[in-house]
Amino acid sequence: MSDVATLSRGAPATLAVVRVATALLWIQNSGWKTPADGFGQTSPPRGLFLFTGYAVQYPVLPPYSWVVEHLVLPNFTFFGWLVLLVEAGLGAFLLVGLATRWWALIGIGQTLAITLSVLNTPNEWHWAYFLMIMVHLALLATAAGRYYGADGLRDPERRVGWAPDRYALALGIASVVSAVFVITRGDWRFVEMTPVTAAVGVVLGLVACLAARLGRPPLVLAAGALFLVAAVVVLVELGLKLSLTGATASVFSLWLGLGAGLVAAGRAGNTA
């Protein structure tokens, strides 16, 4: 019985870890969706355009392949932006555990779209896509955002995890720690930080930490607003193909999530 009790006590933290890990998967993958080259509409094709085209070259479901060939590829800039925003949103909101069930459903849909595009491509590992679907089903079934996430802030009686001020402090610390990605490489670079975005992340993270430590919800809301403004700046930079910070959509996703989470914490603190 003690083993079962220990597992039950550890389950909320485990679900939070699974949720955050899934978010990092989406944050990292949003980073290589690049509007600057038309999402890979180059010669030869690359990136998102290349992988989407595999749905036609190596069809999994013929009706889906027809849609990709006749609707998606001819209008790819629009669909490229749609994919960028969906995957960045998945990373952002699963990271902070906000509207988790809704985003888990979107994650299942996006994973299905990816699966139908690349499943029959040579050297693909089929189980990767099946496991992605399963993990989103688990997040959906357990409402994993209630555990150390923003969804739990709205229901104090059923909350498993932090109070609003401690939750806001955790997000601030996460932003400061994210600066480490400026020196990581390869698969460990979950967020494509540049020296400029790392500095901004540290400053905004410290602002969020200060607001949380002071325990004043309006200041936490203000910190969240700063992150959201920074996220919009990155999105505008991507849309206008500027190189002010060198940021990618992975930075947009991270700051969108931190901003939304801090706003949720500030609102929950006001009603506590």
Side-chain angles (χ1 to χ4, degrees), residues 13 16-37 39-40 46-48 83-98 103 107 110 128 132 135 148-150 167-212 223-239 241-263 265:
V17 169
V18 171
R19 173 174 54 77
V20 170
T22 306
L24 290 174
L25 179 153
W26 289 115
I27 290 173
Q28 186 179 59
N29 278 277
S30 68
W32 58 267
K33 311 303 189 296
T34 51
D37 66 357
F39 297 98
R46 61 184 183 181
L48 184 60
V83 169
L84 184 154
L85 293 173
V86 166
E87 294 194 358
L90 279 161
F93 292 100
L94 290 179
L95 179 70
V96 299
L98 182 61
W103 284 99
Q110 181 65 6
M132 283 176 65
V135 75
Y148 300 94
Y167 175 77
L169 179 62
L171 295 186
I173 293 172
S175 183
V176 173
V177 172
S178 71
V180 74
F181 293 120
V182 78
I183 60 173
T184 57
R185 294 292 181 269
D187 292 339
W188 294 103
R189 199 177 191 195
F190 298 116
V191 186
E192 294 185 39
M193 282 288 181
T194 66
V196 173
T197 56
V200 172
V202 169
V203 171
L204 293 182
L206 291 174
V207 170
C209 289
L210 177 62
L226 288 174
F227 272 105
L228 293 177
V229 169
V232 169
V233 169
V234 171
L235 190 63
V236 170
E237 181 179 347
L238 292 172
K241 302 178 183 179
L242 302 176
S243 299
L244 301 176
T245 67
T248 70
S250 62
V251 176
F252 165 69
S253 179
L254 174 65
W255 289 351
L256 174 64
L258 295 175
L262 286 166
V263 168

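Judged purely by distance below 3.5 Å, without hydrogens or angles, the side chains of Thr197 and Thr194 pair a donor atom with an acceptor atom.
Taking the side chain as every heavy atom from C-beta outward, Phe39 and Lys33 approach each other to under 4.5 Å. Residues Leu24 and Phe190 are in side-chain contact: their nearest non-hydrogen atoms beyond the backbone lie under 4.5 Å apart. Within the 4.5 Å cutoff, the side chain of Leu262 has heavy atoms near those of the Phe227 side chain. Contact of the Thr34 side chain with the Asp37 side chain is registered, since non-hydrogen atoms from C-beta on lie closer than 4.5 Å. Between Val191 and Gln28 there is no side-chain heavy-atom pair separated by less than 4.5 Å.
Nearest heavy atoms, Gly257 versus Val96: O-CG1, 3.1 Å. Of all heavy-atom pairs between Trp26 and Gly107, the closest is CZ2-O, 4.1 Å. Between Met193 and Leu254, the shortest heavy-atom contact is CE-CD2, 3.7 Å.
Taken from SG in Cys209 to CG in Leu171, the straight-line distance is 9.0 Å, to the nearest 0.5 Å. In this structure, the separation between CG on Leu25 and OG on Ser30 is 10.0 Å, given to the nearest 0.5 Å. A distance of 12.0 Å separates CD of Glu87 from OG of Ser250, quoted to the nearest 0.5 Å.
Ring geometry, Trp103 versus Phe93: the interplanar angle falls under 30°, so the pair is classed parallel (tilted spans 30 to 60°).
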